[in-house]
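So the structure is just underneath, and the comments pick up after that.
The model shown is predicted, which means the values in this text are computed figures rather than measured ones.
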Amino acid sequence: MKLHVYNYLTRQKEPFKPLERGQVTMYTCGPTVYDHPHLGHAKTYVAMDVIVRYLRYLGNQVRYVQNITDVGHILDTGEDRILKGARRERSEPMEVVETYTRSYFEDMDALGVVRPNISPRASGHIPEQIEWIKMLLEKGYAYETPTGDVYFSVEQFPEYGKLSGQKVEEQEAGARVTIREEKRHPADFALWKRAEPEHILRWPSPWGWGYPGWHIECTAMATKYLGETFDIHGGGLDNIFPHNECEIAQAEAATGQSFARYWLLTGSLTVDGVKMGKSLGNFLTIKDALNLYTPEAIRFFILSSHYRSPVDFRRDAVLAAERGVERLHNTVRMLRKRMEDAMPSGTADLSYIAEIDPHRDAFIEAMNDDFNTPQAIAALFDLNKEVNSLLTADQPLGRGTLSAIDGLYRDLGGKVLGIIPDDLTQNVGGELVTGLIEIILDIRQRYRDAKDWEEADRLRHQLAQIGIEVDDRPEGPTWHVEHRGG
RNA sequence: GGCGACGUAGCCAAGUGGUAAGGCAGGGGUCUGCAAAACCCUUAUUCGCCGGUUCGAUCCCGGCCGUCGCCUCCA
């Protein structure tokens with residue numbers, strides 16, 4: 001089966017065909033940089049990362065754009081998130097933005113999330129956003145209030161709600177929408193807000209000094225870099241309304257063209273069964289999580305449920321994921337060690353290579369079905385079991401076989417899922433530490449040769465206490481650093 | 001009140017109209033000086049509950065119960 005994706009726009013799985021064969025244009029809503037990124041970001045962006053990685057694995061050239069929201073994200077109090085952050089930290093708004101943008105990339109890098117091709121900042125695209133607002137005003141989809149704000153008129157765009165299934169009439173019944181006098185309809189949303197001089201984040205516009213609304217930035221930046229119509233719009237399901245809906249309304253009202261063709265949205269993340277929130281005391285930043293678990297464990301944990309499903313971040317579940325990913329690493333470590341002194345390739349290699357091919361097929365089959373990573377991981381474990389048997393069996397293995405298997409791990413576990421690093425050797429602490437450990441293991445080996453098990457075990461325990469696990473293998477001892485949730 | 005998702009073994013989690021992948025944990029065994037790793041065997045007559053459609057439903061339809069998300073800032 002060719003790649004099929006679940007499109008939120010049509011609420012069904014569809015064959016994925018980019019506008020241009022072999023070229024995929026993709027946009028994902030990025031973070032508002034007013035604080036350190038949290039686990040919710042990790043879930044969404046790791047999931048999107050694997051989608052991008054897989055599309056590339058299939059041979060597509062993917063242009064992946066993800067914005068940085070550094071202005072315009074207005075709270076219902078009418079306050080800008082960034083300004084609020086600046087007040088909290090008693091710093092400049094752009095200082096806040098800089099700090100947390102760096103923090104964001106730092107965490108994404110640590111999680112192995114491949115950087116977007118373009119990370120456009122909202123504040124760097126004010127003229128573009130003004131152009132969009134002008135266009136919407138000209139076409140009658142927006143109106144200016146006497147107070148100098150500009151709103152999008154949802155009543156002028158009958159398709160408003162087509163993505164989320166929300167209907168503006170029903171919204172009114174909820175009565176939870178803040179009623180603003182100047183709005184014609186309660187669901188109308190801001191395109192431009194007037195700002196007084198004391199508001200630092202403000203720009204001149206045809207409607208006076210002010211700043212753009214939250215939704216217009218995504219419309220402006222996505223279309224600027226990807227075209228009026230592009231292939232994939234990704235993001236978290238929790239932004240489907242109103243944010244994604246507003247993006248569509250703005251774009252399609254102004255251009256008359258369809259905006260994103262496929263909407264791929266990720267399920268939300270909860271912590272211990274409930275939504276994460278600072279007030280609930282279960283707010284976990286990615287930095288917190290990285291102190292407790294390995295990046296691969298976090299990725300594996302996220303990818304062990306389907307991207308559209310919600311995921312509950314629980315300690316025991318993440319630890320189980322850590323054990324699982326360690327199992328894969330053990331095999332790959334053994335495999336790579338074995339490669340070092342393997343025999344040259346021979347004809348016997350061919351039969352083994354044929355044996356592992358079905359695992360790649362199973363993996364691709366799973367991923368082609370709307371990026372079914374849990375099933376793809378299962379395929380990886382099936383492979384793993386077979387490889388373990390092969391490695392522990394008492395038979396010579398040629399370099400051809402071993403490197404073919406290693407190539408499979410590098411492709412599927414490395415390039416696509418990002419849970420098996422290309423380099424699993426532990427060069428923590430550099431050559432000095434590595435050298436010291438080798439010396440200690442050498443000493444221990446002498447005790448072992450002398451059958452002084454007590455001393456040998458004592459050294460092993462002492463090393464274990466500082467996180468260095470020593471495994472005695474028939475071919476000699478190996479060691480690696482344990483990173484178990486602390 | 002509106003929109004939506006989910007409920008599968010102790011835990012996490014795929015899945016199919018014809019009686020259930022994978023991982024973690026547990027039990028038994030092999031290997032090993034021991035440990036670890038690895039391998040073999042084993043752990044759901046059953047997929048929230050009640051009806052319906054069907055020769056047959058965990059998967060389709062209806063109802064109920066429960067959990068969660070969005071509608072207000074969130075990825």
Side-chain angles (χ1 to χ4, degrees), chain A residues 8 11 28-32 34-35 37-48 66 73-77 79 81 84 161 164-178 187 214 234-243 245 265-270 273-278 300-301 304-306 308-312 314 316-328 330-331 333-334 362 366 369 372-382 384-385 387-389 391-393 448 451-454 456-457 460-461 464 469-474 477-478 482:
Chain A
Y8 260 92
R11 305 267 162 167
T28 294
C29 293
T32 302
Y34 66 100
D35 205 342
H38 57 248
L39 284 173
H41 295 106
K43 149 95 170 135
T44 296
Y45 299 133
V46 165
M48 287 298 145
Q66 186 189 46
H73 200 143
I74 309 158
L75 294 161
D76 56 355
T77 54
E79 199 175 15
R81 275 228 126 121
K84 194 181 175 189
S164 61
Q166 299 282 338
K167 292 178 181 61
V168 285
E169 312 84 62
E170 284 159 4
Q171 288 279 305
E172 292 177 81
R176 293 177 75 181
V177 181
T178 318
W214 174 37
L237 192 51
D238 47 347
N239 264 339
I240 191 170
F241 190 91
H243 182 63
E245 204 67 72
L265 304 174
T266 62
S268 301
L269 177 136
T270 51
V274 287
K275 190 187 147 98
M276 184 168 57
K278 280 182 179 165
F300 182 98
F301 172 74
S304 62
S305 351
H306 186 89
R308 277 189 283 118
S309 302
V311 107
D312 188 31
R314 288 183 36 193
D316 51 351
V318 184
L319 287 176
E322 194 152 78
R323 300 297 301 273
V325 83
E326 190 55 31
R327 191 171 146 83
L328 295 173
N330 282 336
T331 303
R333 237 183 243 120
M334 195 154 54
D369 184 13
N372 192 330
T373 52
Q375 208 163 64
I377 287 172
L380 218 50
F381 275 104
D382 287 340
N384 211 61
K385 183 169 273 192
V387 172
N388 276 325
S389 297
L391 290 173
T392 48
R448 295 187 72 210
K451 300 210 188 297
D452 187 347
W453 308 124
E454 212 173 299
D457 288 351
R460 188 169 60 192
H461 288 144
E469 287 289 326
V470 177
D471 300 332
D472 293 317
R473 302 249 170 95
T478 64
E482 280 288 289

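Closest to the side chain of A:Ala378, from the set B:rA21, B:rG33, B:rC11, is B:rA21. Between B:rA75, B:rG69, B:rC3, one nucleotide has an atom nearer to the side chain of A:Thr44 than all others, and that is B:rA75. Listed nucleotides: B:rA75, B:rC39, B:rC3. Nearest to the side chain of A:His38: B:rA75. Across B:rA75, B:rC34, B:rC11, the shortest atom-to-atom separation from the side chain of A:Arg460 is found for B:rC34.
If you check distances only, the side chain of A:Asn239 never reaches the base of B:rC70 with a donor-acceptor pair under 3.5 Å. With hydrogens and angles ignored, a donor-acceptor pair under 3.5 angstrom links the side chain of A:Arg448 to the base of B:rG33.
Using a 4.0 Å cut-off, some side-chain N or O of A:Asn388 falls inside it from OP1 or OP2 of B:rC39. Within the 4.0 Å cut-off from OP1 or OP2 of B:rA25, at least one side-chain nitrogen or oxygen of A:Arg323 is found. For B:rC70, the OP1/OP2 oxygens have a side-chain nitrogen or oxygen of A:Lys275 closer than 4.0 Å. Close to B:rA14, at under 4.0 Å from its OP1 or OP2, lies a side-chain N or O of A:Ser309.
Going from the C1' atom of B:rG15 to that of B:rG23 covers 15 Å, rounded to whole Å. The separation of B:rA14 from B:rU53, taken at their C1' atoms, amounts to 27 Å, rounded to a whole angstrom. Between B:rG28 and B:rU43, the two C1' atoms lie 12 Å apart (nearest whole Å). Using atom C1' as the reference point in both B:rC50 and B:rA38, the two lie 48 Å apart (nearest Å).
Counting any heavy atom pair closer than 4.0 Å across all strands shown, A:Arg327 reaches sugar-phosphate atoms only and no base atom. A:Gly236 comes within 4.0 angstrom of the backbone, heavy atoms only, and of no base. Counting any heavy atom pair closer than 4.0 Å across all strands shown, A:Asp472 reaches a base atom. Using a 4.0 Å heavy-atom cutoff across all strands shown, A:Val470 reaches at least one base atom of the nucleic acid. The residue A:Gly30 sits close only to the backbone: its heavy atoms come under 4.0 Å of sugar-phosphate atoms, none of a base. If you check every strand for non-hydrogen atoms under 4.0 Å, A:Leu269 touches a base.
Ring pair A:Trp214/A:His243 is parallel by interplanar angle, where below 30° counts as parallel and above 60° as perpendicular. Between A:His41 and A:Tyr45, the angle of the ring planes stays under 30°, which puts this pair in the parallel group of the 30/60° scheme.
Taking a centre distance below 5.5 Å and an interplanar angle below 30 degrees as the stacking criterion, A:Tyr45 does not stack against the six-membered base ring of B:rA75.
For A:Glu245 (side chain) and A:Gly161 (main-chain N/O), a donor-acceptor pair under 3.5 Å exists by modelled atom type. Side-chain atoms of A:Asp369 do not come within 3.5 Å of backbone N or O of A:Asn372 as any donor-acceptor pair.
Ranked by how close their nearest RNA chain B nucleotide is to the 5' end, A:Thr266 and A:Phe300 are led by A:Phe300. Place A:Gln375 and A:Asn384 on RNA chain B by their nearest nucleotides, and A:Gln375 ends up nearer the 5' end.
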